[in-house]
Q: 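Below are the structure tokens for one structure; questions will follow.
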2 protein chains.
Amino acid sequence: MLGTLRLVAAAPSLDEVDRLLVEELMADGRATLAALAEKAGLSVSAVQSRVRRLETRGVIRGYSASVDPTVLGLALSAFVALTPLDPTVPTEDVPDRLRGLPAVEACYSVTGAAGYLLLVRAGSADRLEHVLQEIRAISRAGTHTAVVLRTFFER
Amino acid sequence: MLGTLRLVAAAPSLDEVDRLLVEELMADGRATLAALAEKAGLSVSAVQSRVRRLETRGVIRGYSASVDPTVLGLALSAFVALTPLDPTVPTEDVPDRLRGLPAVEACYSVTGAAGYLLLVRAGSADRLEHVLQEIRAISRAGTHTAVVLRTFFER
DNA sequence: CTTGAAAAGGCCATGAA
DNA sequence: TTCATGGCCTTTTCAAG
């Protein structure tokens with residue numbers, strides 16, 4: 001029966017019920033266990049233990065309120081592509097250091113000439129320019145910035 | 001005293017307490033009113049009415065669980081820049097139609113040659129290619145894709 | 001995994017300031 | 001807008017099948 005052995009630590013797969021629960025909780029992070037139980041066709045206790053398992057396994061990372069960014073004074077968003085000034089210098093620690101800047105909301109490494117792509121939020125053009133200076137200093141890279149004119153949707 | 005007149009409908013500003021509540025709820029969407037009340041130094045009832053007001057005013061748009069994308073079989077993310085094939089053709093309805101594609105997680109209009117920038121999530125290279133075809137058909141635009149090699153953080 | 005029940009705690013409407 | 005209170009609902013934990 002060796003064929004049934006599987007590695008589950010890295011990417012635990014979800015059964016149908018778990019997928020339903022995850023989907024519902026993504027749509028409404030405050031859904032009650034009773035409501036989830038009804039949709040899943042299970043008891044509340046069963047759903048409760050499943051949700052807790054999803055949380056402890058890291059499938060569900062957390063819950064958050066989604067807030068209108070303009071109200072928070074973060075009217076300006078921009079995508080910043082980083083192109084290393086010297087491609088031979090390793091840049092592995094750059095993301096960790098960029099994480100220290102609150103204005104940097106996301107950090108990816110991507111295919112193409114630019115090594116890193118960032119999503120930056122700032123309150124004004126002045127603030128954005130200041131953040132860009134900090135980013136350049138940290139990353140030792142050139143920046144190419146595309147300012148967001150309109151956010152149609154973010155899911 | 002005309003100088004004190006202001007338009008508040010578009011961007012209602014928040015007082016200090018509201019800002020604190022919003023911040024806490026962004027960090028933990030399931031924070032209890034009691035916990036919020038303690039941090040704010042107010043009664044539960046006061047906090048309750050404030051939170052409800054933030055929700056009805058649209059400052060808080062909703063609550064959601066954040067889920068590990070790899071577990072959902074969405075291991076592949078990509079940024080897609082759309083450059084209109086014919087710049088004279090209006091493209092205002094494109095975002096609304098792209099919203100119909102579940103794989104398109106975000107849609108922005110940005111400065112630069114590319115009119116739109118999309119964040120796309122797909123389960124595989126095959127799926128991504130299929131989504132790109134759909135996007136091109138909908139938007140009547142050329143696509144330039146940067147595949148995400150690693151997501152260092154998303155806040 | 002299910003049911004059932006008891007206890008604890010949070011939510012919400014109300015009244016009063 | 002604030003606070004205090006009681007009723008109702010939800011969650012949690014247990015036991016037993």
Side-chain angles (χ1 to χ4, degrees), chain A residues 1 3-9 11-68 70-73, chain B residues 1 3-68 71-73:
Chain A
M1 296 294 280
T4 60
L5 279 175
R6 271 179 252 167
L7 285 176
V8 292
S13 59
L14 310 178
D15 67 16
E16 208 175 319
V17 176
D18 281 345
R19 282 185 181 276
L20 175 72
L21 295 177
V22 161
E23 215 169 293
E24 292 292 332
L25 284 171
M26 283 198 306
D28 177 10
R30 303 198 85 154
T32 65
L33 294 178
L36 294 174
E38 191 182 6
K39 299 208 180 189
L42 293 181
S43 71
V44 173
S45 320
V47 168
Q48 184 183 3
S49 59
R50 277 172 178 271
V51 170
R52 249 197 357 188
R53 192 180 54 193
L54 289 171
E55 289 168 350
T56 58
R57 282 206 299 183
V59 175
I60 294 177
R61 292 166 165 171
Y63 302 88
S64 61
S66 86
V67 176
D68 184 351
T70 64
V71 178
L72 291 179
Chain B
M1 297 293 280
T4 61
L5 278 177
R6 272 179 250 165
L7 286 176
V8 293
S13 58
L14 310 179
D15 66 18
E16 207 175 320
V17 176
D18 280 346
R19 283 187 180 273
L20 174 72
L21 296 177
V22 162
E23 215 169 293
E24 292 293 331
L25 284 171
M26 283 198 308
D28 177 9
R30 301 197 87 153
T32 64
L33 293 178
L36 294 175
E38 191 181 6
K39 299 207 181 190
L42 292 182
S43 72
V44 174
S45 325
V47 169
Q48 183 182 353
S49 58
R50 277 174 179 271
V51 170
R52 248 195 1 187
R53 191 182 54 191
L54 289 170
E55 289 168 351
T56 59
R57 281 204 301 183
V59 175
I60 294 177
R61 293 165 165 171
Y63 302 88
S64 61
S66 86
V67 176
D68 184 350
V71 178
L72 291 179

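Numbers restart at 1 for each chain; the letters A, B, ... are given by sequence-line order, proteins then strands.
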Q: Which residues pass the side chain to side chain contact (heavy atoms under 4.5 Å, CB included) test with S66(A), sequence neighbours left out?
A: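 Listed in chain order: R61(B).
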Q: Using every non-hydrogen atom in the two residues, find where A65(A) and M26(B) come nearest and quote the distance to one decimal.
A: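 So the minimum-distance heavy-atom pair works out to O-CG, 3.6 Å.
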Q: Could you list the residues that satisfy side chain to side chain donor-acceptor pair (under 3.5 Å) with E38(B), not counting sequence neighbours?
A: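 Partners of E38(B) by the side chain to side chain donor-acceptor pair (under 3.5 Å) criterion come out as none, since no residue qualifies.
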Q: Quickly work out the E38(A) CD to dT11(D) P distance and round it to whole Å.
A: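 The answer, rounded to whole Å, is 13 Å.
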Q: Could you report the tightest heavy-atom contact between S49(A) and A46(A), atom names first, then the distance?
A: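 Nearest heavy atoms, S49(A) then A46(A): OG-O, 2.9 Å.
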Q: Please tell me if the side chains of L25(A) and L36(A) come closer than 4.5 Å, counting only heavy atoms from C-beta onward.
A: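 Yes, their side chains come closer than 4.5 Å.
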Q: Please output the side-chain donor-acceptor pairs of residues 14-22 of chain B that fall under 3.5 Å, not counting sequence neighbours, one pair per line with the distance.
A:
residue, atom, partner, partner atom, Å
D15(B), OD1, V17(B), N, 3.1
D15(B), OD1, D18(B), N, 2.8
D15(B), OD1, R50(B), NH1, 3.2
D15(B), OD2, R50(B), NH1, 3.0
D15(B), OD2, R50(B), NH2, 3.3
D18(B), OD1, R50(B), NH1, 3.0
D18(B), OD2, R53(B), NH2, 3.1

Q: Show the atom names and distances, to 0.1 Å, of all donor-acceptor pairs under 3.5 Å that link a side chain in residues 27-35 of chain B to residues at least two apart or in another chain.
A:
residue, atom, partner, partner atom, Å
D28(B), OD1, R30(B), N, 2.9
R30(B), NH2, A31(A), O, 3.4
T32(B), OG1, A35(B), N, 3.1

Q: Got a second to check how far I60(B)'s CD1 is from D68(A)'s CG, nearest 0.5 Å?
A: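 So the CD1 of I60(B) and the CG of D68(A) are separated by 11.0 Å.
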Q: Report the distance from atom CG of L36(A) to atom C1' of dC1(C), rounded to the nearest whole Å.
A: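 So the two atoms are 17 Å apart, to the nearest Å.
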Q: Which residues in residues 19-29 of chain B have a heavy atom closer than 4.0 Å to any atom of DNA chain D?
A: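 Of all residues in residues 19-29 of chain B, none places a heavy atom under 4.0 Å from DNA chain D.
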Q: Find every protein N or O atom lying less than 3.5 Å from an N or O atom of nucleotides 3-12 of chain C, and list the pairs.
A:
residue, atom, partner, partner atom, Å
dC11(C), OP2, L33(B), N, 3.0

